[in-house]
Amino acid sequence: MEPPHNSVVRTPLNSVIVQRRSKSKSYRQSYRSCLGAASRLGLTPALTARRLNTSRRAPKSHNISEKVNPEHLALLLKTEWKLSYVSPLYKFRHTQLKSYSRQLSAFIAAEKQQGLAVEVEGLQSGFRVTLSVVQGLTETDDDAETVLIQIHANPLFARQDEPQRSVWSGWLTCINGNTDYLHSLPKDFTCLPLCGCSGSEYLSGLVKSWFQQTFDCCFGPLEINHTSLQWLVALWTNCHMESSLQHLKMSWTLPVVPPLQVTYTVNPQDAWELWCSVRAGRQEEDEEEEEGGSIDIKEVMRLMQGLKGHFFRHFRLDLSAGSLRQVTTALGSAKCNGRIKISNSRYMITTLTLLTECALLKMPI
Amino acid sequence: MSSLKPFSKLPGLNTANILLVESEEQFQQSLADALVEETSVTVNVRLAKSLPLPLENEESRPRIDLVVFIINLTSELSFQSADASLKYLDPGYFLGKVCFLVTNARNASVPTERLDTVRKLAASLHCPLLFAEDQTPDGVTNATERLLTILKVAAGLVPLATALYLSNLTQCTVPLDIDQPSFD
Amino acid sequence: MEDSTRRVLQRLIRRIPTPQLKTTLEKWSGMTVAQRGSMDYTQTKWALTEKLLSLCEENDWTTKHITELEMIYVIDNPNQGMWHGFQLLDPEDDAHSVELTQFKEQFKSHLGELVRHVSVKIKKHTDEAVWIRIAWGDSFSRPNHLKPTYVVHHLQTPYVFVTGLTSKQKPLLSQALVLSTRHHTIKDANLSGRKLTAIRDLLMKQYQQVFPTNFPSPLAEKNETVSNPKIEREQAGPGAHRHQMACEAFGDGMLPQLQSAVYKLETKFKDHTNRTMTERDEPFKCIVKFESTNLLESLRYCAASGIASTPVTPLLSSIPLKGRNYFVITDNGPGPSSQMHQSQN
Amino acid sequence: MEGTSTKGGVLSLLSLLEVQARSRRHVPPQRSRVKELRAEAEALRVRREQLKTEIQTHQSLQRLRTSLDRQSTHDEEEEEEEEEEMDEDSENSQLLKLMARHTRVKDLLLAHHLIGGYDIVKTRHGKGVCVSVATAYEGVCLETYNLEMDLKPTLRICRHNVPPFVPLSSLAEQGDMQTDIRAFLETLSQHLNAFAGRKQQLKLVKEQHKTIEVMESNALCSILVLMFTVPKTKTAILCTLNYSDHTACLPARVQFECDVKEILESTEWRKNCSLLMETPLHKALMTMKKMGNIV
C-alpha cells in the first residue's frame, strides 16, 4: 500500500485490538508486527477488561478501633497520605519485619552518606526505621496484613536527652483485594497494592527504591480520578446517619482563562436527604434486595447529577465542563492528585477498599 | 431537523472539505491551521461547536467529505455535546466519513469509563477512533497527518481506495470483555 | 526616643520587602539627603533595620514620622490585606460640596468625640482619594500603632473602602464618616477582596462597560483577525453574539481583579426527575464559592465559550452590576436575610 | 564649503570634492536641469488635472446632496428624473451617490446630537431599552454614557456607566422618570455635559498653563483650587472656584486669597473675578496672562 495508509494504521486503537482478532485476518498481524503493538495509552489487552466495580457494598461501620492498635490507628487517622500503587512484592515475609527494619535503616544511612548534595533535605541524623504489622486492618483472609513503616530521627540541633521525632511514615495495604487476582499470583508474591506516604519526598524516594531493590516491585503515583472521587462523595454521604458529615464540600476546576475554581459546600442533612431520594427510587424497583445492600454507580451518578442540576438551575453554568478535584467531609478528604486523609476510623475500611481497587487497576501487570 | 448530507453537492476539483466539531473550540483552530497547509490538494476546513449547522450557511458550504468529532476526555460536557450532535448527520456519513478524535486521554483525572464510552460509541457507529496530543506542535502535526490521510480517501482523491473500504479496516472495535467487571 | 516608636519602625521595616524599601524611603521626608545616600540597599534586612533604628535615634523621629512612612508604603502598595466596601446612603443637600479641609477637620473632631485616645492621619493621594489612617486606643490605653485601620474615600462619592477594622471599631468609624460626609447612614456594600484597586474600580464603575448599540459594534471589528479564507467558522454568528452578551454582563478589556464571590443559597430543590426532593418543604442549603485570579474574566470566558449559558443569569451578572461579591439567595422576597429575590424558575 | 573645510579637515574636503567630481562626470548637469524642469511641469499639469476633477466631483456631490435633500421632502417622481440625468458613467456616479449619502447621514447625526437626541436601542426583545447620552464640550465629542432600562413593570434603570458622583438615583426620583423620561434625560444630560466640560477645562488648564499650580480638585470637578503667581512681586494668590451648580460649566463662586490684601482690592482683580465667572477657565487664564496679571 502507498505510504499515506501507514499513518492510518498507526492509530493506537488497532494495536489494542489486533490480538483479539481471528487469525484469518493475518494482514492485521503483519501490521502489528511492523509497527509494534505499544498502545499510546499503555493499555494491554488483558487490562482492558479491568474496570472499577460498578456496584459496591454500602459502607458498614466497622469498629476497627477494637481490632487495631490505637497508636497505629491514631497515626493513620491524623495524617494526609500521598498515595502510590505497588506491584506485588517478591519474597516478602511478614515474619522478617525486624530484619527489614535494620536493612532499611542501613540503606538510608548509606544513601545519606553518598548524596551529600541532598543534605539540606533533612537536617536530621541517626535514622531509626521500624516496620510493623498493623494487626486487624484486613477484610478477607486473602488480604495480606497491612505493613506500617515509621522513620524516626534526631533533630540536628537536638539535646542529648531529647527523644527521636517521627520524620516519615508510610504504609502498604490491601483491603478487599480482588480474590481472583490474588489467587492468580505465583506463590512467592505478596500483594500490598496500595501505599501511602507522609514526609519528605526525599525519604519517600529512598524507601521506595529500597522496596524496589529488595522485593523486585515497582511504585507509581496513584491519582484519584473523577469517578473515584464521585464514589467517595456517595460513600461518605451514605454514612451521614451514623456519623455526621458536618459538611459535604466539593471543588471543581473549570478549564477557562484564567482557571475558575468552584467550591460547592452542601449542608449535610440536605445532602443526605438527596441521597435517600436517589436511593429510594431503586429500592422500589427491586425490593427483594436486602436493605441498603449495595450501591450502584448509577445511583452515584444520579446524586452527582442532582447536585450539578441544582447548581445549574442557579448559575446556568455546567459543572460537567470541568473536573472534580477535591472532596472533603468530616469523614475524610480526597484530592485528585492522590492525597487522602481519612478522619474517621469507622469508615476507613470502605475508603481503603475503593483505593485498593484503584491501585490494582493502575498497576501495570 | 436539517441534517448534513454527504452527497447533496458536487465535489470540487482536487478539493477536500473537512468539518471539525468541537464543543470547546480550542484544538480545532490549531488543527485547521495545520490542515490548510496541505499543498497536494486544496483542503477547506469548516469549524463548528456542535451540530446542526446553521441553515444560512447552507449555500456557501461545500460538500463535506469528512466529519471529525473532537472529544476532550477531561470534560464530560465535550462527550455529551458530540453525542448530541451525531443525530444531525445523514446516515450516509457513517459509511466511512466520520471519525472521532480524542484528546487528553492520558490525563490522570480521566476515569477509564469515559474512554470506554467513547470507544463503544465509535464502535457502534463503525467509525475510527484517533488519539491526539493537543498541547504540543508535534501532536498537532501528527493528528493533522492522520486526518489528511483519511480525508483524502473520503474525498475520493486516492485511486482504488474508498472511504467505506478504509473504514472497514480502521473502525474502532470494542474488546469483548469491556463490560465484564473484573471484581466480584 | 520612645520604645514604642522603635517597635513600630521595626515592624514596618519588616513588612516592607527590600526592593520597595528604597522607593518608599525616598518619598519620605524624614531623612536628609546625606542620610538617604548613606543607605546601602544590598545589605540584609536586619542590617538595614539596625541602620534605620540608629537614624531614628539620631533624627529623633516620633511616631508621627513613622506613621507617615507607613502611609507612604500602604498608599503605594494598597493590594494587601482584606478590603471591605461600604456605601454611604441618604446624602444631605450639602453632601456634594464637602471639600477636603472641611472633611479633615470634621472627621477628626467627630472621631475624637467618640474615642478618647485615637490618632488620625489624613493624606490626599494624587488620584483624588483621601487616605485616612486610624490608630485606635480606648479610654485607658494609648493608640495602638501596630494595628491601624486604613480608610479610603473619594470625596463626593458614596463609597468608602476599609481595611483592618474590628467589629468594635466599626460603629465608631461609621458614625464619624456619616457625619463628616454629610450623609444619614452607611451600609456594608458586601464587597470585599485583597485588591483595593479592583474593589474601587468595580464600585466606581471604572472599567469598560459594554452596552447594546445599533452601530456596528467595535467588538466585531476587533475580532476580525486576518484568517485563512479556507477556514470558516460555521457558528461565527452565535459565537460573536455570545461574546457580546458576555461583555455586556461583565465588561470588556481588562476587568477589575476580583478574586472570589460567595453565594449562600437557601432555595428549593427542583428537579422534575426527583419528586421526593421537589416536594420537600425545606430549602436546600448550600454555599457556592467561585475563585479565580480574575473572577470576572473567568466568568466572561465561561459565558463567551458557552460553558455558562447566555444570557448570563442575574446571579452572576449581579457581581459587576451591583458591585458585590457576597450574596444570600432565598426563594421568597420578605425577610431580612433575603438580599436578592430569585426570579428564575 | 568653507564651513565643512574648517570642520572636517583636508581629507574630508578632498573626499567631498571627489564625490562631486564623480557625480559631475556621470550626469551632465545641463541636461539634468532641463529634465528636472520638464518633470516638474508634468507634475504640475497632473496636479491641475487632479484639482479640476476634484472640483468637478465636489460640484456634482453638491448637486447630488441638494437633490437628495429635495428627494426626502418631495415626491418620488422627481427622483426618477434625477436618476436619468445622473446616469453619465455608472461607476463614478455610484460612488458619488454613496459619498453624498455619507455626508448627508453625517450631517443628520450632527443635527440629531444638536437637538439633544438620544440613541435608543431596544434590548431583550423589547423588554428593555438602552439609552446613550453623548457629551461634548466646545465641539469636541467626549465620553458617551449609557443607561439600560427595564420597561416593565415600571421604568427602572438596571445598568449604567454614569460615574457614582453624579446623583443618578435622586435625579431619577426628582425628574419623575416614569411620566416624563425626556425631562429626566434632559437634566441628566445637563449634569453629564457640565461634568465633562469641567473635566475638559481642567485638562486643558493642566496642559496649557504649566505655571499655574492646581492645588486641589475633586472627582466631580466641582471644587478647584489654583495657585497664581503675580509677576514682579511674585506674590502667590490662591483661587478657589466653586461650581456649586452641577449643571453648569462655569463657577458659581470665585474667591481669591492672598497675603497682600491690596492686590485683591485692585480693579484688575475684580475684573479677573468676573472674567473667571463668565468665561471658560482655560480661556480666562489665557486672558489674565496676556493682561500681565499672572505669570
Side-chain angles (χ1 to χ4, degrees), chain A residues 233 237 245-284 298-299 301-323 325-326 328, chain C residues 246 249 255 257 259-280 282-318 327 329 331 340 342 344-345:
Chain A
V233 171
T237 308
L245 287 181
Q246 315 275 350
H247 58 267
L248 172 62
K249 186 165 151 190
M250 294 156 285
S251 283
W252 271 270
T253 302
L254 290 165
V256 296
V257 186
L260 178 65
Q261 200 187 326
V262 179
T263 314
Y264 188 3
T265 313
V266 184
N267 176 294
Q269 188 60 31
D270 292 336
W272 163 253
E273 280 179 37
L274 177 62
W275 174 240
C276 289
S277 73
V278 159
R279 296 269 289 163
R282 173 196 156 80
Q283 269 164 9
E284 279 162 30
K298 286 198 186 110
E299 291 167 319
M301 291 305 161
R302 273 211 295 272
L303 171 72
M304 293 310 290
Q305 214 44 58
L307 290 169
K308 283 186 199 172
H310 186 68
F311 183 90
F312 184 80
R313 206 165 62 76
H314 288 91
F315 297 103
R316 302 270 158 219
L317 205 155
D318 202 338
L319 286 175
S320 310
S323 55
R325 314 289 284 189
Q326 191 178 343
T328 316
Chain C
L255 297 177
Q257 277 191 27
Q259 286 160 325
S260 69
V262 177
Y263 294 84
K264 219 173 146 200
L265 302 172
E266 287 182 17
T267 50
K268 260 189 82 75
F269 191 96
K270 282 183 206 153
D271 182 354
H272 63 93
T273 59
N274 191 333
R275 242 186 41 227
T276 331
M277 285 303 281
T278 310
E279 283 166 7
R280 205 174 75 131
E282 304 92 76
F284 191 83
K285 291 189 280 298
C286 58
I287 296 166
V288 173
K289 185 174 186 185
F290 293 89
E291 281 167 291
S292 164
T293 48
N294 189 331
L295 183 67
L296 295 176
E297 283 183 10
S298 290
L299 290 174
R300 182 176 63 190
Y301 189 102
C302 279
S305 68
I307 291 176
S309 45
T310 41
V312 178
T313 144
L315 251 63
L316 291 177
S317 59
S318 285
F327 299 90
I329 313 290
D331 274 325
M340 182 191 239
Q342 200 215 337
Q344 77 264 56
N345 55 340

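Chain naming here is simple, since letters A, B, ... match the order of the sequence lines and numbering starts at 1 in each.
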List the atom pairs, with distances to 0.1 Å, where a side-chain N or O of residues 284-306 of chain C and a protein N or O form a donor-acceptor pair under 3.5 Å, not counting sequence neighbours.
from: C/S292; atom 1: OG; to: A/P259; atom 2: O; distance (Å): 3.3
from: C/S292; atom 1: OG; to: C/N294; atom 2: N; distance (Å): 3.1
from: C/S292; atom 1: OG; to: C/N294; atom 2: O; distance (Å): 3.4
from: C/S292; atom 1: OG; to: C/S298; atom 2: OG; distance (Å): 2.7
from: C/N294; atom 1: OD1; to: C/L296; atom 2: N; distance (Å): 3.4
from: C/N294; atom 1: OD1; to: C/E297; atom 2: N; distance (Å): 3.4
from: C/N294; atom 1: ND2; to: C/L255; atom 2: O; distance (Å): 3.2
from: C/N294; atom 1: ND2; to: C/E297; atom 2: OE2; distance (Å): 3.3
from: C/E297; atom 1: OE2; to: C/L255; atom 2: N; distance (Å): 3.2
from: C/S298; atom 1: OG; to: A/P258; atom 2: O; distance (Å): 2.5
from: C/S298; atom 1: OG; to: C/N294; atom 2: O; distance (Å): 3.4
from: C/R300; atom 1: NH1; to: C/G251; atom 2: O; distance (Å): 3.0
from: C/R300; atom 1: NH1; to: C/G253; atom 2: O; distance (Å): 3.0
from: C/R300; atom 1: NH2; to: C/G253; atom 2: O; distance (Å): 3.2
from: C/Y301; atom 1: OH; to: B/Q26; atom 2: NE2; distance (Å): 2.9
from: C/S305; atom 1: OG; to: C/Y301; atom 2: O; distance (Å): 2.9
from: C/S305; atom 1: OG; to: C/C302; atom 2: O; distance (Å): 3.3

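Between chain C and the options A/V256, A/L319, A/L317, heavy-atom pairs under 4.5 Å are most frequent for A/V256. With respect to chain A, the highest number of heavy-atom pairs below 4.5 Å among C/P283, C/S260, C/A261, C/A308 belongs to C/A308. The residue among A/G322, A/G306, A/G309 with the most heavy atom pairs within less than 4.5 Å of chain C is A/G306. Chain A forms the most heavy-atom pairs under 4.5 Å with one residue out of C/V262, C/V312, C/L316, C/T273, and that residue is C/L316.
In this structure, A/K249 places its NZ atom where only 12 or fewer heavy-atom neighbours from other residues, nucleotides or ligands lie under 6.0 Å away.
In this structure, C/E282 and A/D270 have side chains that are not in contact, with every pair of non-hydrogen atoms separated by 4.5 Å or more.
Separating the NE2 atom in A/H314 from the CD1 atom in C/I329 is a distance of 7.5 Å, to the nearest 0.5 Å.
Heavy atoms closer than 4.5 Å to chain A are found in both the backbone and the side chain of C/I307.
Between C/D271 and A/R313, no side-chain nitrogen of the basic residue sits less than 4.0 Å from a carboxylate oxygen of the acidic one, so the salt-bridge criterion is not met.
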